[in-house]
Engineer: 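Below is the structure I would like to discuss, written out as structure tokens.
What you see is a predicted model; the values in this text were computed from it and never measured.
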Amino acid sequence: RGTFEGFRQIASKDKWLRVHDIGEFIDFRKPENILDLKKFFDHFLKGVDNGWEKTPRVRLATLDPGGENLTNRPRESFPQTNQTICRAYLRADGTMQPQPVPQADQVAYQADDSQSVATFTMAFSRETEITGFLKLKLWVEADGSEDADLFIRLFKLDAQGEKLYATKGNRYSGPNGRLRASHRAMDPDRSTELEPVHPHTFEQLLHPGEIVPVEIGIWPTSLRFHPGQQLMVQVAGFEVAVDHG
């Protein structure tokens, strides 16, 4: 996430972003990437007219765990200006649906046993790409506690419900996010529809029987889904681990 934040907050208009699909140390040592970086420095530090300014401002990598990644996809910005914001609603039966939940319901899990998770899945009927920032909004009650740690992880599943991983670099199946419920307050001036910004300057502890809205930012990603494949969202009181195989 820091890489994307750095790119967006750099004041200069002359900035470029290249997203790779392998570990950074492997990527950095590849000869073609060393030459790419040298071309940038030659242009700006030595004034070499080498055509660098024609390089796409963003070169995106879209991961396809279980399939073939798409790399060096030219884009003008990140997040993309033509993105469509989509919503999926969590349901008590463990699914996610594009339609709002017709009536109130609840899902409970043991938050302090380092095992229990709340799981929700959604299958795709057509080719789908999820690219950009995400967030999860929950209505939370901490039974028997005045606070709660909320950890979120997304996974890509095949049609049979097995986790799929991109394995060129670190094993990756989807992004994650985390927030302590007492730090749920948001900065209204800096928050956006997809990116809640929390000032973390004070606590709002929970009271018995109190249900509060919590918006949790999830790291940016770019994932491909093919028909039949699924998106799984897990919520837990601990960092949900990736299966390292």
Engineer: Would you check if there is a donor-acceptor pair between the side chains of R75 and Q80 at a distance under 3.5 Å?
Structural biologist: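 Q80 vs R75: donor-acceptor pair found between side chains.
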Engineer: Would you find a donor on one side and an acceptor on the other, under 3.5 Å apart, between the side chain of T128 and the backbone of R126?
Structural biologist: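 Between the backbone of R126 and the side chain of T128 there is a qualifying donor-acceptor contact (under 3.5 Å).
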Engineer: Around atom OH of Y109, are there more than 12 heavy atoms of other residues, nucleotides or ligands at under 6.0 Å?
Structural biologist: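 Enclosed.
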Engineer: Got a sec, which residues hit side chain to side chain contact (heavy atoms under 4.5 Å, CB included) with D27, two or more places apart in sequence or on another chain?
Structural biologist: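 For D27, the residues satisfying side chain to side chain contact (heavy atoms under 4.5 Å, CB included) (neighbours in sequence not counted) are R18, H20, I22, N33.
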Engineer: Measuring from atom CE of M122 to atom CD of Q229, what distance do you get when rounded to the nearest 0.5 angstrom?
Structural biologist: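 That separation rounds to 12.5 Å.
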Engineer: Tell me every residue that passes side chain to side chain donor-acceptor pair (under 3.5 Å) with D158, counting only those two or more places apart in sequence or in another chain.
Structural biologist: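 Per chain and number, D158 pairs via side chain to side chain donor-acceptor pair (under 3.5 Å) with no residue.
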Engineer: Give the C-alpha distance, both sets of side-chain angles, the deciding distance and a yes or no for side-chain contact (heavy atoms from CB on, under 4.5 Å) between L150 and V140.
Structural biologist: CA-CA 10 Å; L150 300 162; V140 175; 4.0 Å; yes
Engineer: Knowing that exactly one of N69, D21, D64, T131 qualifies, which makes a side chain to side chain donor-acceptor pair (under 3.5 Å) with S222?
Structural biologist: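 In the set N69, D21, D64, T131, the residue that makes a side chain to side chain donor-acceptor pair (under 3.5 Å) with S222 is T131.
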Engineer: Please check if the number of heavy atoms outside Q99 that lie under 6.0 Å from its CD is greater than 12.
Structural biologist: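 Enclosed: over 12 neighbouring heavy atoms sit under 6.0 Å from CD of Q99.
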Engineer: Is it true that the side chains of T95 and D93 contain a donor and an acceptor less than 3.5 Å apart?
Structural biologist: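 Present: a donor and an acceptor within the cut-off.
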Engineer: Measuring from S116:OG to Q234:CD, what's the distance to the nearest 0.5 Å?
Structural biologist: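 These two atoms lie 11.5 Å from each other.
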Engineer: Which heavy atom in R153 sits nearest to a heavy atom in F155, and how many Å separate them?
Structural biologist: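 Distance-wise, the nearest heavy atoms are CD-CZ, 3.2 Å.
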Engineer: Is there side-chain contact between R224 and L63, with heavy atoms separated by less than 4.5 Å?
Structural biologist: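 No, their side chains stay 4.5 Å or more apart.
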Engineer: Please give me the minimum heavy-atom distance between W16 and T55, naming the atom from each residue.
Structural biologist: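 Looks like NE1-O, 2.8 Å.
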Engineer: Does L164 reach the side chain of L157, with side-chain heavy atoms less than 4.5 Å apart?
Structural biologist: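 No, side chains not in contact.
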Engineer: Look at the side chain of K156 and the backbone N and O of A166, then say whether any donor-acceptor pair between them is shorter than 3.5 Å.
Structural biologist: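 Judged by distance alone, no pair lies under 3.5 Å.
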Engineer: How about V58 and F7: do any of their side-chain heavy atoms sit closer than 4.5 Å?
Structural biologist: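 Contact flag for V58/F7 side chains = yes.
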Engineer: Give the table of side-chain donor-acceptor pairs shorter than 3.5 Å for residues 37-49, with sequence neighbours excluded, one pair per line with atom names and distance.
Structural biologist:
| from | atom 1 | to | atom 2 | distance (Å) |
| --- | --- | --- | --- | --- |
| K38 | NZ | D42 | OD2 | 3.0 |
| H43 | ND1 | V48 | O | 3.1 |

Engineer: If you draw a 6.0 Å radius around CD in E32, do more than 12 non-hydrogen atoms from other residues or ligands fall strictly inside?
Structural biologist: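 Counting neighbours around CD of E32, more than 12 heavy atoms of other residues, nucleotides or ligands fall under 6.0 Å, so yes.
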Engineer: OG1 of T62 to CG of N72: how many Å apart, nearest 0.5 Å?
Structural biologist: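 CG of N72 is found 11.0 Å from OG1 of T62.
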Engineer: Under 4.5 Å between side-chain heavy atoms, hopping through other hydrophobics if needed: is there a path connecting V107 to M96?
Structural biologist: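 V107 and M96: one cluster.
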Engineer: Please give me the minimum heavy-atom distance between S77 and T81, naming the atom from each residue.
Structural biologist: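 Shortest heavy-atom contact: OG-CG2, 3.4 Å.
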Engineer: What's the verdict on side-chain contact (heavy atoms from CB on, under 4.5 Å) for L179 and F151, showing C-alpha distance, side-chain angles and the deciding distance?
Structural biologist: CA-CA 7 Å; L179 184 67; F151 292 87; over 6 Å; no
Engineer: Just wondering, more than 12 heavy atoms not from D143 lying within 6.0 Å of its CG?
Structural biologist: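 Not more than 12 within 6.0 Å, no.
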Engineer: When you compare the side chain of L136 with that of V233, does any pair of heavy atoms fall below 4.5 Å?
Structural biologist: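 Yes - at least one pair of side-chain heavy atoms lies under 4.5 Å apart.
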Engineer: Which residues satisfy the side chain to side chain donor-acceptor pair (under 3.5 Å) test with R87, sequence neighbours excluded?
Structural biologist: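 R87 satisfies side chain to side chain donor-acceptor pair (under 3.5 Å) with E193 once adjacent residues are dropped.
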Engineer: Side chain of S191, backbone of P188: donor and acceptor closer than 3.5 Å?
Structural biologist: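 Flag not set: sc S191 to bb P188 has no pair under 3.5 Å.
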Engineer: Hey, does the Lys NZ or Arg CZ of R171 hover above the aromatic six-ring of Y165, less than 6.0 Å from the centre and inside 45° of the axis?
Structural biologist: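 Because its charged atom sits under 6.0 Å from the ring centre and within 45° of the axis, R171 does stack over Y165.
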Engineer: Is a side-chain donor or acceptor of R184 paired with a backbone partner of A181 at a separation under 3.5 angstrom?
Structural biologist: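 Yes: the side chain of R184 pairs with the backbone of A181.
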Engineer: Which atoms form the tightest heavy-atom contact between M186 and P196, and what is the distance?
Structural biologist: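 In this case the closest contact between M186 and P196 is SD-CB, 3.3 Å.
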Engineer: Please determine whether side-chain contact (heavy atoms from CB on, under 4.5 Å) holds for the pair L231 and I130, giving the CA-CA distance in whole Å, both sets of side-chain angles, and the decisive distance to 0.1 Å.
Structural biologist: CA-CA 10 Å; L231 171 65; I130 298 176; 4.2 Å; yes
Engineer: Does F225 have any ring pair (Phe, Tyr, Trp, His ring centres under 6.0 Å) partners at least two apart in sequence or in another chain, and if so, which?
Structural biologist: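 For F225 the ring pair (Phe, Tyr, Trp, His ring centres under 6.0 Å) partners, ignoring immediate neighbours, are F124.
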Engineer: Does the distance from a Lys or Arg side-chain N to an Asp or Glu carboxylate O, for R73 and E129, drop under 4.0 Å?
Structural biologist: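 Yes, charged N to carboxylate O under 4.0 Å.
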Engineer: Taking it one step at a time, do K163 and M232 satisfy side-chain contact (heavy atoms from CB on, under 4.5 Å)?
Structural biologist: CA-CA 9 Å; K163 295 175 182 175; M232 179 171 72; 3.8 Å; yes
Engineer: Begin with the C-alpha distance, continue with both residues' side-chain angles, and end with the deciding distance and a verdict on salt bridge (charged side-chain N to carboxylate O under 4.0 Å, His left out) for K30 and D36.
Structural biologist: CA-CA 10 Å; K30 297 182 73 170; D36 188 68; over 6 Å; no
Engineer: Do you know which two heavy atoms are closest between F120 and R91, and how far apart they sit?
Structural biologist: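 Looking at all heavy atoms of both residues, the shortest contact is CE2-O, 3.3 Å.
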Engineer: Is the number of heavy atoms from other residues, nucleotides or ligands within 6.0 Å of CZ (R1) greater than 12?
Structural biologist: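 For R1, atom CZ is crowded (more than 12 foreign heavy atoms under 6.0 Å).
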Engineer: Taking atom CD of E76 as the centre, does the number of heavy atoms from other residues, nucleotides or ligands within less than 6.0 Å exceed 12?
Structural biologist: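 Not more than 12 within 6.0 Å, no.
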Engineer: Decide whether L60 and L17 are clustered together by the hydrophobic rule: side chain heavy atoms of Ile, Leu, Val, Met, Phe, Trp, Tyr closer than 4.5 Å, transitively.
Structural biologist: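 They do share one cluster, since a chain of ILVMFWY contacts under 4.5 Å joins L60 to L17.
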Engineer: With distance as the sole criterion, is a donor-acceptor pair present between the side chains of D112 and Q110 under 3.5 Å?
Structural biologist: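 Yes.
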Engineer: List the atom of S173, the atom of L223, and the distance in Å for their closest heavy-atom pair.
Structural biologist: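 Smallest interatomic distance, heavy atoms only, reads O-CD1, 4.0 Å.
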Engineer: Check residues 202-221 and write down every donor-acceptor pair under 3.5 Å in which the side-chain atom is one partner and the other belongs to a residue at least two apart or another chain.
Structural biologist:
| from | atom 1 | to | atom 2 | distance (Å) |
| --- | --- | --- | --- | --- |
| E210 | OE1 | H207 | N | 2.9 |
| E215 | OE1 | K135 | NZ | 2.7 |
| T221 | OG1 | Y172 | OH | 2.7 |

Engineer: Ring centroids only, cut at 6.0 angstrom: are F4 and F78 within range, meaning strictly under it?
Structural biologist: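 Ring centres of F78 and F4 closer than 6.0 Å.
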Engineer: Give a yes or no on this: more than 12 heavy atoms of other residues, nucleotides or ligands lie within 6.0 Å of atom NZ of K15.
Structural biologist: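 Result for NZ/K15: enclosed.
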Engineer: Looking at R8 and E195, is there a salt bridge between them, counting it only when a charged N and a carboxylate O are closer than 4.0 Å?
Structural biologist: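 Salt bridge: yes.
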Engineer: May I ask you to check whether over 12 heavy atoms, not counting those of Q106, lie within 6.0 Å of atom CD?
Structural biologist: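 Open.
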Engineer: Are H183 and H198 close enough that their ring centres sit under 6.0 Å apart?
Structural biologist: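 Here the rings of H198 and H183 have centres that are no less than 6.0 Å from each other.
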